[in-house]
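Within every chain, numbering begins at 1; the chains are lettered A, B, ... in the order of the sequence lines, protein sequences first and strands thereafter. Note that this is a predicted model, so its numbers are computed, not measured.
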Protein chains: 2
Amino acid sequence: MTAVVRRKPTVNAQKVAEKAGVSRSAVSRTFTDGASVSPETRDKVLRAAAALGYHVNHLARGLIRNESGIVCLIASGIGTPLQAAMLDGLTLALQDAGRIAMVLNCAGDPVSVEHALRMTLNYRAEASVILSGSPPASIVTTCLDNGQRLVLLNRSEQIEGVGTVSIDNEGAARDAAAMLARAGCRRIAVVSSTAGTASLVAREEAFIREATKLGLETLPHRAGPTSYASGAASARALLAGADRPDAAFCVTDLLALGFMDAARHDLGLRIPEAFSVVGFDDIEQAGWASYELTTFRQPVSELVSCIMGQIGSSTEGVGPVPSRLVKAEPIWRRSVRVSPALKDA
Amino acid sequence: MTAVVRRKPTVNAQKVAEKAGVSRSAVSRTFTDGASVSPETRDKVLRAAAALGYHVNHLARGLIRNESGIVCLIASGIGTPLQAAMLDGLTLALQDAGRIAMVLNCAGDPVSVEHALRMTLNYRAEASVILSGSPPASIVTTCLDNGQRLVLLNRSEQIEGVGTVSIDNEGAARDAAAMLARAGCRRIAVVSSTAGTASLVAREEAFIREATKLGLETLPHRAGPTSYASGAASARALLAGADRPDAAFCVTDLLALGFMDAARHDLGLRIPEAFSVVGFDDIEQAGWASYELTTFRQPVSELVSCIMGQIGSSTEGVGPVPSRLVKAEPIWRRSVRVSPALKDA
DNA sequence: TTGTATGCGTTATCAG
DNA sequence: CTGATAACGCATACAA
């Protein structure tokens, strides 16, 4: 076990310069945009670099330029359809913008978000996008102090200097209540989760408020985490008794799909004939033929553009970044009974 | 627009040292594992660091230690359930191992994989995991030369020095054929995609070989990319005529679910009574009550462990890394007609 | 245990 | 357009 610590003969600008017969500066300039190099020098350098397999060290470059090119994506529940779609869109958009995504998979609680943000600082990320969870205030100011850009998704809190992109949960939830009222539903199950996320409670509360105003009865229920299984559990719990509701507003599509499956396969209910369901998010599965869930769309590409806008704006992060509120458009499919009145309209 | 280039007063070890009344080295030692610092010095440093909001610059650290702590994950179709699950597991495992994931979302073709690997080199990633797509040989050797660890997922090619973790596609496909034969199926649709991925064609070919051997008729079909929509399209194409098959082996769950939905809702077929379907992957949706798809599981956590093993093994990447073949366990659900004979066993 | 000096690979500055 | 030189922030060999 005589560990021979053999330092890899690393290939750097120096070596390329020697092989090309030019100075290190020439090599550097060849690889920096907008630097002035003569075509022949550039050519010699490129040839030498290719031969040696040289690649600019972004760690060193970031060190001197004080810009790493790294943007951190902090999320929890990456495997979930909506989060996965966001990650997909964001990583792509970042690459198109010449940045690179570092993803931090965190539990979502404040301490793990803080941990993630520390890592973010360690790698001198130019920006961090918090897809889920809420960061403690202290670390937020530290990030800001270090010149890091911060974007929060679906957080109500307005913090000086940090960007915000939010879905209009309240508006959509109100629409959902009106939708079900028009369909002639009277007793509405409101199925949410124990996660207690800001958007989720916003949807739940806004829906209940509006439904009450419209004279509807609401039955809130939270069976567990935000998942298919919890939705199914809620259905079994709510639909077992005699005095069952006639519709459900699920704060998430995943909950809605679980709810639908349990309602149909365990309880034998017909949707939408005997029971109406409205979801939220418009994940891919909501459009599948087995569900045809009418829901409210989180416009992923629009959210991504907004986030990119927040990241890209003025390099020096002074001045308040305007927070963006994005509408969640209703997607009409076939899980809600359509009343004759609505058909006319 | 007089852009005042105000260089942020960056907080570094120097500043912490001054505030703590010690040397820069003391600060450095405080933050490096296994360095010798007296408790009181350490305490002073920690206090000063907290007050200043100091965070070790991993870019600089990586520069001098020649280890960045970065592992790159190269994937395409991140929004897809299986890929998302892999990303979820990998990011978590990497964090537990003290590394951090950089994700490169690439189109999957060789040139974009090569582009991604270049980026990987730029950031001096310690390892790269290629979840999808095949890298050109030249860039592979460059990565290896630069001391970067390489792990390929579900690639048949054995390359000297690069790790491989694969699902036993052939074995599972053979099992699938036997499964459908025992169920009494005779004409089997083999639905695949136009992607032409190594694993996919391996499954398709192995299935056809085994099915033929068992005296079954096979009807290969490829409607488009590996998606729900393609599966549905295949169903509509294959089940329209009079001489329809009585079962389908879909090389991916996503294809299978689309196939099932179209078969049931567009063609009115009953599954499994009138038609049997077998999938591959065991994505979450396969277990949903509307589908209950019998399929073969890609054991995500096991795959993740294998990959982590490949990454973690011997720092200096000499010697061939043993490639790992992971079994895909059959998951029996309810999309395959069960014959009496099988019930006895 | 602590401090000093050196180097990691790069780019910005400046003189030619 | 080119080359020499000084940083960037950090870890470590060495001397104390």
Interatomic distance, [X] atom [atom1] to [Y] atom [atom2] [nearest 0.5 angstrom]:
{"X": "A:D109", "Y": "A:H115", "atom1": "CG", "atom2": "NE2", "result": "11.0 Å"}
{"X": "B:N122", "Y": "B:R118", "atom1": "CG", "atom2": "CZ", "result": "9.0 Å"}
{"X": "B:L153", "Y": "B:I74", "atom1": "CG", "atom2": "CD1", "result": "12.5 Å"}
{"X": "B:R155", "Y": "B:S323", "atom1": "CZ", "atom2": "OG", "result": "14.5 Å"}
{"X": "A:L92", "Y": "B:C106", "atom1": "CG", "atom2": "SG", "result": "10.0 Å"}

Mind calculating the distance between [atom1] ([X]) and [atom2] ([N]) to the nearest angstrom?
{"X": "A:N66", "N": "D:dC10", "atom1": "CG", "atom2": "P", "result": "11 Å"}
{"X": "A:D43", "N": "D:dC1", "atom1": "CG", "atom2": "C1'", "result": "16 Å"}
{"X": "B:L59", "N": "D:dC10", "atom1": "CG", "atom2": "C1'", "result": "11 Å"}
{"X": "B:R124", "N": "C:dC8", "atom1": "CZ", "atom2": "C1'", "result": "11 Å"}
{"X": "B:N122", "N": "C:dT11", "atom1": "CG", "atom2": "P", "result": "10 Å"}
{"X": "A:L121", "N": "D:dG9", "atom1": "CG", "atom2": "P", "result": "14 Å"}
{"X": "B:H58", "N": "D:dG9", "atom1": "NE2", "atom2": "C1'", "result": "13 Å"}
{"X": "A:Q14", "N": "D:dT5", "atom1": "CD", "atom2": "P", "result": "13 Å"}

Any side-chain N or O of [X] less than 4.0 Å from the OP1 or OP2 oxygen of [N]?
{"X": "A:T10", "N": "C:dC8", "answer": "no"}
{"X": "B:T41", "N": "C:dT1", "answer": "no"}
{"X": "B:N57", "N": "D:dG9", "answer": "no"}

> Is any side-chain N of the basic residue among B:K44 and B:E40 closer than 4.0 Å to the acidic one's carboxylate O?
Replying inline: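 Salt bridge absent between B:K44 and B:E40.
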>> Using a 6.0 Å cut-off, check whether atom NZ of A:K19 has over 12 heavy atoms from anything other than its own residue.
In response: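 12 or below, so no.
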> Is the number of heavy atoms from other residues, nucleotides or ligands within 6.0 Å of CZ (B:R61) greater than 12?
Replying inline: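 Yes.
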>> Strictly under 4.0 angstrom, non-hydrogen atoms only: write out the protein contact profile of nucleotides 11-16 of chain D, one letter per nucleotide from the 5' end, B, S or -.
In response: BB----
>> Using five pairs at each end of the helix from C:dT1-D:dA16 to C:dG16-D:dC1 to define an axis, what is the angle between those two axes, to 10°?
In response: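 It comes to 30° between the two terminal axes.
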> Does a donor on one side chain and an acceptor on the other come within less than 3.5 Å for A:Q148 and A:T120?
Replying inline: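 There is no such pair (donor and acceptor under 3.5 Å, judged by atom type) between the side chains of A:Q148 and A:T120.
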